[in-house]
Structure formats: structure tokens, C-alpha cells
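Residue numbers begin at 1 in each chain, while the letters A, B, ... track the order of the sequences.
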There are 2 protein chains.
Amino acid sequence: MGAARRLDQTLTALADPTRRGVIDLLRKRPRRAGELAAAFEMTPPAMSRHLRVLRQTGLVEEEAVDDDARVKLYRLRPEPFSELRAWLDEVEAFWGDQLDAFKAHAERTRGRKGP
Amino acid sequence: MGAARRLDQTLTALADPTRRGVIDLLRKRPRRAGELAAAFEMTPPAMSRHLRVLRQTGLVEEEAVDDDARVKLYRLRPEPFSELRAWLDEVEAFWGDQLDAFKAHAERTRGRKGP
DNA sequence: GCAATATTTAACGTGTGCGTTAACATTTCG
DNA sequence: CGAAATGTTAACGCACACGTTAAATATTGC
């Protein structure tokens with residue numbers, strides 16, 4: 001049950017295009033909050049809330065920078081992606097389990113829906 | 001560009017717990033709309049809208065039943081899941097690209113992703 | 001033809017998510 | 001010290017997603 005809750009948070013976080021864009025950016029290298037706000041032409045508060053969502057879901061974490069305590073670098077964390085992949089594996093196991101039924105369906109619909 | 005839009009639709013669809021529950025049910029076998037509505041203690045119109053979302057995203061498809069034209073069976077479609085997996089692969093490639101930085105970081109946080 | 005069944009569409013209320021501006025820490029450095 | 005810089009909360013507005021009830025559309029069967 002707790003796992004489902006986390007998966008829910010993860011998918012809700014990933015459903016937003018901005019947050020997914022942030023993840024695609026962080027894929028290359030860690031970034032600062034202001035950097036990300038500018039990248040999406042968004043005010044700092046708006047990006048701050050997105051980062052909070054991503055942080056609470058565990059999709060990103062913040063790292064302090066030693067030479068300036070005002071700045072935090074955000075980077076990706078692997079765990080939520082692994083959990084999502086695990087669920088995806090379960091779902092896709094469907095096409096292994098029900099391969100027969102699938103074939104049977106293909107046979108029933110052969111030539112009926114074609115041109 | 002179209003691919004990103006589809007991924008957006010897919011993740012938005014999967015973010016809803018009811019729709020994800022529907023998918024988990026359809027994983028076992030195809031179901032009728034009313035069957036699904038009852039399974040989630042929900043009125044038929046509510047489930048009908050969920051099914052429309054899933055249909056538009058291509059996550060499910062409907063099949064007619066030959067002995068009763070009022071009934072439609074819903075079943076899973078693989079394509080959107082494959083696209084989601086593809087994106088997940090891209091993101092997770094991050095931990096391949098930046099393995100050095102990740103190892104250094106994993107040492108601090110005791111990361112648990114096997115080789 | 002007509003009542004019953006299965007599902008979808010229409011209209012509506014309500015909550016919530018996302019963006020903005022304003023105000024609040026905290027840190028840097030002239 | 002005090003002004004600028006970086007980032008986060010607080011308060012507000014708005015659009016949209018999700019559920020309900022009521023009405024509409026097919027289709028079955030007596």
C-alpha cells in the first residue's frame with residue numbers, strides 16, 4: 001500500500017510537462033533553482049514549488065555548494081524511476097501471460113477491421 | 001514533438017489511481033465498462049470518462065462482443081507502455097553516462113542500484 | 001411496440017494544481 | 001552595516017479534473 005502511494009506520487013510528479021522537462025535537463029548535469037526557472041521562462045516561486053514536489057517524491061535531491069551557501073544544486077535520484085520501471089514490468093508481463101488470448105483475438109479480427 | 005505530447009497524455013492518464021487500478025484489473029483479463037465501474041464503487045458515467053481518457057491515450061481499446069452489441073470489452077494496448085519505457089530508458093541512461101559522479105554520490109547515500 | 005439493459009453525453013458542483021505578485025529568510029560582499 | 005543576490009513561503013486567481021445526477025442513444029427480449 002505504501003508502495004502504491006509512492007508510485008502515485010511519482011506519476012503525478014511526472015505528469016507535469018515542466019517537471020518532466022526539469023528531469024530531462026537534470027539528466028545532463030545538476031542545475032541551480034534559478035537556472036531551471038529561467039530555462040522554462042517561469043518565476044522562481046513557481047519553479048520552487050515544482051522542485052518541492054520533485055523533492056518530496058524523491059525524484060531529485062539537493063546538494064549544497066561549498067563556496068556559496070545560498071545556492072543549492074539539484075540532481076536526479078534513481079529510486080522512483082526504478083519503482084516505476086518495476087510497475088511497468090508487471091503490466092507488460094500481461095503480454096507474456098495472455099499471449100494466447102492475444103493471438104486468438106488477432107485471429108478473430110483478421111480481415112474484419114482491415115481496409 | 002508529437003511523441004512528447006503522447007507521453008504527456010500517457011503519464012496524465014496513469015497518474016490517476018482509478019485509471020491505474022483499471023489497468024491492473026485489465027492485466028488479468030478484458031472487462032466490461034459496468035464491471036469496472038462496480039469494481040471501484042463508482043457510477044457508470046465516471047468510469048466511462050476514465051475509459052475515454054484511457055482510450056484516447058491508446059492505453060486501452062474496446063472490442064465488440066458478438067452476442068450482445070450493447071456490451072464492449074476493454075483490453076490493454078501495449079504501445080503507450082512501450083513509449084513510457086523508452087523515455088524511462090533515456091532517463092536512466094543518466095546513471096550510465098554519469099556513472100563516476102553517481103558512484104561518488106552513491107558512496108555518500110548508500111545507493112542500491114545493482115550493476 | 002415497449003420496458004429493461006448497457007453505455008455514453010450533458011450539465012453542474014467542488015476541490016485542487018499551477019502560475020503570478022508580495023513578503024520573508026539567509027548569505028555574500030562593498 | 002547595508003544593499004544586492006538566491007531561494008522559499010504566503011496569499012490570491014483561474015482553469016481544469018473528477019465525481020454526481022439527469023437525459024440521451026442503442027440494443028435486447030417479451
Side-chain angles (χ1 to χ4, degrees), chain A residues 4-26 29-75, chain B residues 4-26 29-75:
Chain A
R5 181 96 190 97
R6 267 189 63 84
L7 184 59
D8 210 275
Q9 282 183 357
T10 300
L11 285 165
T12 300
L14 294 180
D16 183 89
T18 300
R19 287 194 287 262
R20 214 165 53 252
V22 166
I23 286 175
D24 282 335
L25 267 188
L26 294 185
R29 58 181 165 84
R31 311 261 183 171
R32 302 177 0 195
E35 209 177 341
L36 294 168
F40 293 91
E41 294 173 334
M42 182 175 296
T43 56
M47 180 54 69
S48 184
R49 289 193 51 173
H50 281 304
L51 290 173
R52 176 167 53 170
V53 173
L54 291 171
R55 208 183 318 127
Q56 286 175 343
T57 315
L59 283 162
V60 308
E61 66 183 352
E62 54 187 13
E63 181 194 10
V65 162
D66 31 347
D67 49 317
D68 191 337
R70 290 173 301 182
V71 177
K72 297 172 202 161
L73 283 184
Y74 283 92
R75 78 172 51 182
Chain B
R5 181 94 189 100
R6 269 189 63 84
L7 184 57
D8 210 275
Q9 282 183 358
T10 300
L11 285 165
T12 300
L14 295 180
D16 184 89
T18 300
R19 286 192 289 262
R20 215 166 51 254
V22 167
I23 287 175
D24 283 334
L25 266 189
L26 294 186
R29 59 181 164 84
R31 311 260 183 171
R32 303 180 356 199
E35 209 176 340
L36 293 168
F40 294 90
E41 293 173 333
M42 184 176 293
T43 56
M47 180 54 69
S48 184
R49 290 192 52 174
H50 282 305
L51 290 173
R52 173 166 56 171
V53 172
L54 291 171
R55 209 185 316 129
Q56 285 173 342
T57 316
L59 283 161
V60 308
E61 65 182 352
E62 53 185 15
E63 181 197 8
V65 164
D66 30 348
D67 49 315
D68 191 338
R70 291 173 299 182
V71 177
K72 296 170 202 164
L73 283 183
Y74 283 92
R75 79 160 54 125

| field | Whole angstrom value for the distance that separates P of dG7(D) from CZ of Arg55(A) | value | 12 Å
| query | Got Thr18(B) and Met47(B) here, is their nearest side-chain heavy-atom distance under 4.5 Å? | reply | yes
| No-H, no-angle donor-acceptor pair, Arg70(A) side chain to dA5(D) base, under 3.5 Å | yes
| task | May I ask you to test the Val53(B)-Arg19(B) pair for a side-chain heavy-atom distance under 4.5 Å? | result | yes
| said: Can you measure Met42(B) atom CE to dT8(C) atom P for me and round it to whole angstrom units? | reply: 14 Å
| said: Does any part of the side chain of Asp68(A), heavy atoms only, come nearer than 4.5 Å to the side chain of Val71(A), both counted from C-beta? | reply: yes
| task | Map every base of DNA chain D to its dot-bracket character, where paired means a Watson-Crick or G-U wobble contact with both distances under 3.5 Å and | marks a partner outside the strand. | result | ||||||||||||||||||||||||||||||
| Atom-to-atom span, CD of Glu41(B) to P of dT20(D) - whole angstrom | 10 Å
| field | Nearest-Å distance for atom pair CG/C1', residues Asp66(B) and dT28(D) | value | 15 Å
| request: Tell me what Tyr74(B) touches on the nucleic acid: a base, only sugar-phosphate, or nothing, going by heavy atoms under 4.0 Å. | output: sugar-phosphate
| request: Round to a whole Å and report the spacing from CG of Asp16(B) to P of dG17(C). | output: 12 Å
| request: Look at the side chain of His50(B) and decide which nucleotide, out of dT28(D), dC18(D), dA5(D), has an atom nearest to it. | output: dC18(D)
| query | Where the side chain of Thr43(B) is defined as all heavy atoms beyond and including C-beta, which of dT27(C), dG19(D), dT20(D) is the nearest nucleotide? | reply | dT20(D)
| note | Ranking dG19(D), dT28(C), dT8(D) by distance to the side chain of Thr18(B), first place goes to dG19(D)
| query | Can you find a pair of side-chain heavy atoms, one from Arg75(A) and one from Val60(A), that are under 4.5 Å apart? | reply | no
| request: Would you kindly give the CE-to-P distance between Met47(A) and dT20(C), to the nearest whole Å? | output: 10 Å
| request: Using side-chain hydrogen bond (donor to acceptor under 3.5 Å, both in side chains) as the criterion, point out the one residue from Glu63(A), Glu62(A), Glu61(A) that pairs with Tyr74(A). | output: Glu62(A)
| said: Over all strands shown, is Arg32(B) touching base, sugar-phosphate only, or nothing at heavy-atom distances under 4.0 angstrom? | reply: sugar-phosphate
| said: Given dT8(C), dG19(D), dT8(D), identify the nucleotide with an atom nearest to the side chain of Arg49(B). | reply: dG19(D)
| Distance from Arg20(A) atom CZ to Asp8(B) atom CG, nearest 0.5 Å? | 4.5 Å
| request: Specify the separation, in whole Å, of atom CG of Leu14(A) and atom P of dC18(C). | output: 12 Å
| Just how far, in rounded Å, is C1' of dG29(D) from CG of Asp67(B)? | 14 Å
| note | One should read off an interatomic distance between Leu11(B) CG and Thr12(A) OG1, to the nearest 0.5 angstrom, of 10.0 Å
| Which listed nucleotide (dA22(C), dT27(D), dA10(C)) is nearest to the side chain of Pro45(B)? | dA10(C)
| message | The side chain of Ala46(A) is closest to which nucleotide in this list: dT6(D), dT8(C), dT20(C)? | response | dT20(C)
| What is the distance from atom CE of Met42(B) to atom NE2 of His50(B), rounded to the nearest 0.5 Å? | 4.5 Å
| Val71(B), nearest nucleotide to its side chain (from dT9(D), dA6(C), dT27(C)) | dA6(C)
